[in-house]
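First the structure, in the form of structure tokens, and then the observations on it.
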Amino acid sequence: MKKQIEQLVMTALQQLAATGVIPQDAVSRPKIERTRDSKHGDFATNAAMVLAKAARTNPRELAQLLLDELPSTDLLEHCEIAAPGFINFTLTSTAYHRLIPSILSLSHRYGRSDLGNGKRVQVEFVSANPTGPLHVGHGRGAAYGSVVADLLKAVGFDVHREYYVNDAGRQMDILATSIWLRYLELCDETLTFPANGYKGDYVWDIAATLHRDHGEAYQQDALSVFEGIEEDEPDGGDKEAHIDGLIERAKQLLGDNRYRFVFELGLNIILDDIRDDLSLFGVNYDEWYSERSLTESGAVNQAIERLRNNNQLYEKAGALWFRSTDFGDEKDRVVVRDNGQTTYFASDIAYHMDKLERGFDRVIDVWGADHHGYIPRVKAALTALGDDTSKLDVLLVQFAILYRGGEKLQMSTRSGQFVTLRELRKEVGADAARFFYVMRKCEQHMDFDLDLAKSQSSDNPVYYVQYAHARICSVFQQAAEQKIPFENDPSAVDYGRLSESHEQALLTSLAKYPETVESSALSEEPHQLTHYLRELANDFHTYYNTHKFLVEDSALRDARLQLILATRQVLRNGLNLLGVSAPEKM
RNA sequence: GCCCUCGUAGCUCAGCAGGAUAGAGCAAUCGCCUCCUAAGCGAUAGGUCACAGGUUCGACUCCUGUCGAGGGCACCA
């Protein structure tokens, strides 16, 4: 509907430009807004106010000229000029009545568009290190990323979802070593577990698997493992050096093959768990991209060579540095360490280079807010390589701060003290968790009150919206049970019977759906959709409480039933975009 | 110290590229089920949009500064 008004105003503007009232270059897509107050009609535009200066006239006069050029249409009941120069448009009731059969025939396609024109967009999200199960902090990125991807797809983009698997690097070595040490304990070795090791129960589980399947084949004397290793932190040593020493010792005592086996075992078990977890959360990927594959394919070295050829690298203190300060970063960054290992940053350069080379028109990274310092250096690298950084958008998701019993919870994968996404899902359900996560702007710090989310009370708006859907289903259930007939063809119904203000309110909300989806998608703000659905559900509940649908008057009954069928369709479409189910019964 | 994000009702948050009297939900008070699911609806009350300047026809929205909250500033990933 908004689109249609926009077209009309655009035509009028072009007319004005053609007759020289306003300069040709002042013509642009007019801003059409929903009015806040129904006294001002359905839509309003400030076009006359914006263009008054260029036209060397006052806004009200220009508004009148614009109205004179407006093409005739049966959409508009009337148009009027208000206060400082707004033009208010009031739609005809037939414009609204046409909406119902239109929604019902479009069905699940209502709200979708081809705005994106099939442009290829990659959305990378979650990408948590496979060193432990996902926790509730990752949940927000998962819900947000997948909904953004769905929204973009709904408005016509060709979306590719990707998870970047950090399957190389020191953190993974720490995990492998942690598993091995727990395994040694299962072999009845006595040892003090390193302060910096992964202490979660899942490490015991993986160790137990190793022990069950391979007996003592990986056993070593604990004394020989710890002999000569630097002291751990509480004992006056350095915990980082301690764990690094243990990693080296593990590699040395187990040998390449056996070490690799433990490493892979941990990686695969955890990655499977993450995959399973996300899939049960309704989050699926087109691709799981391995960091290690970048090293193995030579892509990392290639990226470094490209930087070297562009004269962006220099050596200092045995390490190879990238001049990121030349491109706005705070300081230069190491790409190859003095021990010859490439850094995580080097992989990331290669990864982003690869993303752009794969031909995406747009690349979206959804990162935790703690990575924000990382953006300038990635963009710096891409600029240095001569790539187009405007194709890259980084969306930062703030952490969810967890509360339980009014108290803040601290989380750390390392210490094993965390609430997993799996636990959250089991306690509050995937529907509530997803809706809850996506209800807030991503850059907004979020308080996630576990007790509240678990309470399953009406505080949680997901139930409110789902309930509206279930209620509509129930009405048709009743109609069937009581054998109440109704017209099945939406275009054969007289919508002139819908004269109640509640019905008009509902129709207006239904008309807003495509605008909401478009706006949510283009601004990457799923919360707009959750707020919309809440309002739509509210319109329905109000209507439900005031008027009966299964009335004696069959023409009125038909009109009302088609209206709530259309409402059900929109509720379904919206919930579906959020990855939340639309139950028929509650 | 520098850099991000945020600061709107008692609490949790909206406010759509600045636009017409600041909006919801919880919580509070008061009403509504012989009637399609009360996981619902209605009503009342509650705000100097952190503070101070600036930009203009007009600022919660843009700019600057101050104060406050969270996060980030590794040869970690």
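Residue numbers begin at 1 in each chain, while the letters A, B, ... track the order of the sequences.
No engagement by A:H469 is indicated, since no non-hydrogen atom pair under 4.0 Å with the nucleic acid exists. Looking at heavy-atom distances under 4.0 Å, A:D348 makes no contact with the nucleic acid at all. Using a 4.0 Å heavy-atom cutoff across all strands shown, A:F476 reaches no nucleic acid atom at all. Nucleic acid contact class of A:H371 (heavy atoms, under 4.0 Å, all strands): base. A:H541 comes within 4.0 angstrom of the backbone, heavy atoms only, and of no base. Looking at heavy-atom distances under 4.0 Å, A:A479 makes no contact with the nucleic acid at all. Among the protein residues, A:E33 comes within range of the sugar-phosphate backbone only, with heavy atoms under 4.0 Å from sugar or phosphate atoms but none that close to a base. Note on A:Y544: a base of the nucleic acid sits closer than 4.0 angstrom, heavy atoms only. Base contact: A:A470 has a heavy atom under 4.0 Å from a base atom. Using a 4.0 Å heavy-atom cutoff across all strands shown, A:T542 reaches sugar-phosphate atoms only and no base atom. Residue A:N339 is out of contact with every strand shown, counting any heavy-atom pair closer than 4.0 Å.
For B:A20, its base never sits under 3.5 Å from the side chain of A:N46 at any donor and acceptor pair.
For B:G42, neither phosphate oxygen OP1 nor OP2 lies less than 4.0 angstrom from any side-chain nitrogen or oxygen of A:N545. Not one side-chain nitrogen or oxygen of A:K331 sits closer than 4.0 Å to the OP1 or OP2 atom of B:C3. The side chain of A:Q398 contributes no N or O atom lying less than 4.0 Å from OP1 or OP2 of B:C6. Regarding contacts with the backbone of B:A39, every side-chain N or O of A:R471 stays at 4.0 angstrom or more from both OP1 and OP2. The shortest distance between the side-chain N/O atoms of A:K441 and the OP1/OP2 oxygens of B:G15 is below 4.0 Å. For B:C41, the OP1/OP2 oxygens have a side-chain nitrogen or oxygen of A:Y464 closer than 4.0 Å.
In this structure, A:Y467 places its OH atom 6 Å from C1' of B:A38, rounding to the nearest Å.
Comparing A:E330 and A:Q341, the nucleotide of RNA chain B nearest to each residue sits closer to the 5' end for A:E330.
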